[in-house]
There are 2 protein chains.
Amino acid sequence: MQKASDRAYESIRAMILSGELAAGERLSEEALAESCGVSRTPVRDALRRLEAELLVRRNESQRSFVADWSLSDVADAFELRAMVESYAAGRAAERMDDKTLVKLKACNSAIYDAISRKVPDISAFLDHNREFHAIILAVADSRRLTALLGTLIEQPLVRRTAQHYGAEALHRSYSEHEDLLAAFARRDRPWAESVMAGHIRRAFHAYADAHRGMSSVDRKAA
Amino acid sequence: MQKASDRAYESIRAMILSGELAAGERLSEEALAESCGVSRTPVRDALRRLEAELLVRRNESQRSFVADWSLSDVADAFELRAMVESYAAGRAAERMDDKTLVKLKACNSAIYDAISRKVPDISAFLDHNREFHAIILAVADSRRLTALLGTLIEQPLVRRTAQHYGAEALHRSYSEHEDLLAAFARRDRPWAESVMAGHIRRAFHAYADAHRGMSSVDRKAA
DNA sequence: GAGTTTTGTATTGTGTACAGTTATGACGAG
DNA sequence: CTCGTCATAACTGTACACAATACAAAACTC
């Protein structure tokens with residue numbers, strides 16, 4: 001069995017990432033239990049895991065809330081992610097093999113297909129993008145690194161704002177991936193690190209622009 | 001109340017870090033519950049937390065084991081820690097204030113006292129050293145960074161092997177802290193980053209030397 | 001005798017009841 | 001009308017009981 005605990009985890013996580021549970025909202029174990037169709041025990045398990053990911057916060061009296069990410073929190077996470085993920089790309093460059101390179105190329109081609117339609121398929125883009133980075137992380141071959149990045153990649157708001165990415169931002173992301181592939185093909189660690197660092201930092205500014213645009217007047221993001 | 005869960009956490013954690021629970025050993029929830037004098041529920045909580053720190057590993061069928069850290073695992077952790085903690089030192093340099101600087105100086109003086117006795121007080125050294133780094137982390141002022149480093153600092157074996165550090169390694173650590181203080185006093189971010197990176201990397205090699213010495217013939221560490 | 005199936009035991013997952021704690025609202029005094 | 005206090009309600013922590021699963025050992029078959 002052991003499904004109940006996982007179901008609760010996935011369910012609550014999805015509700016937080018989608019915004020169904022608003023930032024700062026109170027989380028009652030009992031209410032979540034009913035919402036997930038399980039008892040409080042697996043919900044408690046799930047909340048502990050989400051707390052470790054900083055998706056859930058607890059106040060001094062042990063009550064749980066949806067973490068509210070300020071812009072500076074998101075900036076922090078992106079800065080750390082840029083550092084850690086460029087390190088991962090560097091390790092991957094040294095450990096790259098031709099078979100994995102082919103997989104990465106196929107993955108980025110899928111990204112190209114998704115963003116080159118008349119109406120870009122953002123959901124497919126996000127999925128393939130996630131896979132692309134996951135493959136690199138796997139090649140980097142460090143459990144510790146994987147665990148660390150796991151807490152940095154999924155951020156509330158990011159997925160929701162991805163819908164507002166412009167076509168040029170999506171294509172820029174694709175072409176940065178191509179650069180990464182070139183660096184990997186040459187086993188060039190410093191190159192891979194540089195490209196990845198820039199890739200993540202660009203993503204942050206795209207997010208920040210979109211976020212500013214959303215929170216104030218709905219102006220076009222650069 | 002809420003003590004039982006914390007007691008279980010601290011108790012199990014201490015048993016792992018001290019080596020009382022050997023690396024790779026099976027962890028039975030019930031046995032731990034009895035050993036901690038609580039029921040299985042808080043033990044489960046504690047195991048989830050320790051799992052997030054990678055101090056406890058679970059196999060595919062959800063059974064828990066003490067994580068067995070290979071030398072390469074420890075090397076991984078140190079490399080990441082060097083990267084992340086030097087970033088923290090850099091942020092701290094930019095945010096440093098005079099009051100905190102005084103506290104850090106006092107802390108390092110306490111370290112000097114601990115290591116300058118006829119028989120160095122390693123336990124006091126470790127405590128003050130932890131406090132020194134904790135203060136820097138607090139000044140860096142990023143919850144995310146704090147959470148990240150939390151999973152990197154405590155490592156099985158490290159505390160145990162600290163007993164074997166030579167007098168010169170301890171004094172070197174003290175003097176590197178002094179360098180950090182100088183960098184902080186001048187709000188010199190790159191300097192602080194460099195010193196911290198070197199500080200952590202030296203610590204790793206001290207550990208590696210001691211570890212090699214212990215696992216093969218008991219030769220003197222450099 | 002070797003391999004496979006079956007059975008028994010140990011361990012974890014889940015639900016639920018109860019106790020202790022915190023928050024909230026009502027009521028009364030100033 | 002406001003502030004403080006007290007009572008009640010809601011929620012979390014803990015324990016325990018039961019169900020489900022996995023591992024191991026023994027027995028049976030080929």
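In what follows, every chain begins at residue 1, and chains take the letters A, B, ... in the order their sequences are listed.
- In this structure, CG of A/D45 is placed 11 Å from P of C/dG15, rounded to the nearest angstrom.
- At a threshold of 4.0 Å, the pair B/R49-A/D45 does not count as salt-bridged, since none of the basic side-chain nitrogens sits closer than that to a carboxylate oxygen.
- For A/R95, there are no salt bridge (charged side-chain N to carboxylate O under 4.0 Å, His left out) partners at least two apart in sequence or on another chain.
- Residues in residues 46-89 of chain A take part in these ring pair (Phe, Tyr, Trp, His ring centres under 6.0 Å) pairs, two or more places apart or across chains: A/F78-A/F204.
- Taking only side-chain atoms of A/P42, from C-beta outward, the nucleotide of C/dT14, C/dT12, D/dT12 with the closest atom is C/dT14.
- A/K3 has its NZ atom 16 Å from the C1' atom of C/dT12, to the nearest Å.
- The side chain of A/R48 places no N or O atom within less than 4.0 Å of a non-bridging phosphate oxygen (OP1 or OP2) of D/dT12.
- For the pair B/R26 CZ and D/dA22 C1', the computed distance is 10 Å after rounding to whole Å.
- Contacts between residues 30-41 of chain B and DNA chain D, defined by a heavy-atom separation under 4.0 Å, are made by B/V38, B/S39, B/T41.
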Table please: side-chain donor-acceptor pairs of residues 12-26 of chain A below 3.5 Å, with sequence neighbours left out.
from	atom 1	to	atom 2	distance (Å)
A/R13	NH1	A/Y9	OH	2.9
A/R13	NH1	A/E53	OE1	2.4
A/R13	NH1	A/E53	OE2	3.1
A/S18	OG	A/A14	O	3.1
A/S18	OG	A/M15	O	3.3
A/S18	OG	A/E20	N	3.2
A/E25	OE1	A/A22	N	2.9

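- Using a 4.0 Å heavy-atom cutoff across all strands shown, B/L27 reaches sugar-phosphate atoms only and no base atom.
- The pair B/R81-B/D76 fails the salt-bridge criterion, with no side-chain N (NZ, NE, NH1 or NH2) lying under 4.0 Å from an Asp/Glu carboxylate O.
- Minimum atom distance to the side chain of B/S5 is reached by D/dT14, of the listed D/dT12, D/dT14, C/dG13.
- Taking A/E51 as the reference, nothing meets the side-chain hydrogen bond (donor to acceptor under 3.5 Å, both in side chains) condition, with sequence neighbours excluded.
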Please report, to 0.1 Å, the donor-acceptor pairs under 3.5 Å made by any side chain of residues 28-35 of chain B, with sequence neighbours excluded.
from	atom 1	to	atom 2	distance (Å)
B/S28	OG	B/E30	N	3.3
B/S28	OG	B/A31	N	3.2
B/E29	OE1	B/R40	NE	3.1
B/E29	OE1	B/R40	NH2	3.0
B/E29	OE1	B/R44	NH1	3.3
B/E29	OE2	B/R44	NH1	3.1

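- Spacing between atom CD of A/Q62 and atom C1' of C/dT21 amounts to 11 Å, rounded to whole angstrom units.
- Here the side chain of A/R44 is nearest to one of C/dG13, D/dT12, C/dT14, namely D/dT12.
- Residues passing the side-chain hydrogen bond (donor to acceptor under 3.5 Å, both in side chains) test with B/R63, sequence neighbours excluded: none.
- Atom CD of B/E29 is separated from atom C1' of D/dC16 by 14 Å (rounded to the nearest Å).
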Just the table, please: protein N/O against nucleotides 23-25 of chain D N/O, every pair under 3.5 Å.
from	atom 1	to	atom 2	distance (Å)
D/dC23	OP1	B/S61	OG	3.2

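- The interatomic distance linking A/E51 (CD) with D/dT12 (C1') rounds to 13 Å, in whole Å.
- Here salt bridge (charged side-chain N to carboxylate O under 4.0 Å, His left out) pairs that include residues 131-153 of chain A, with residues two or more places apart or in two chains, are A/R143-B/D73.
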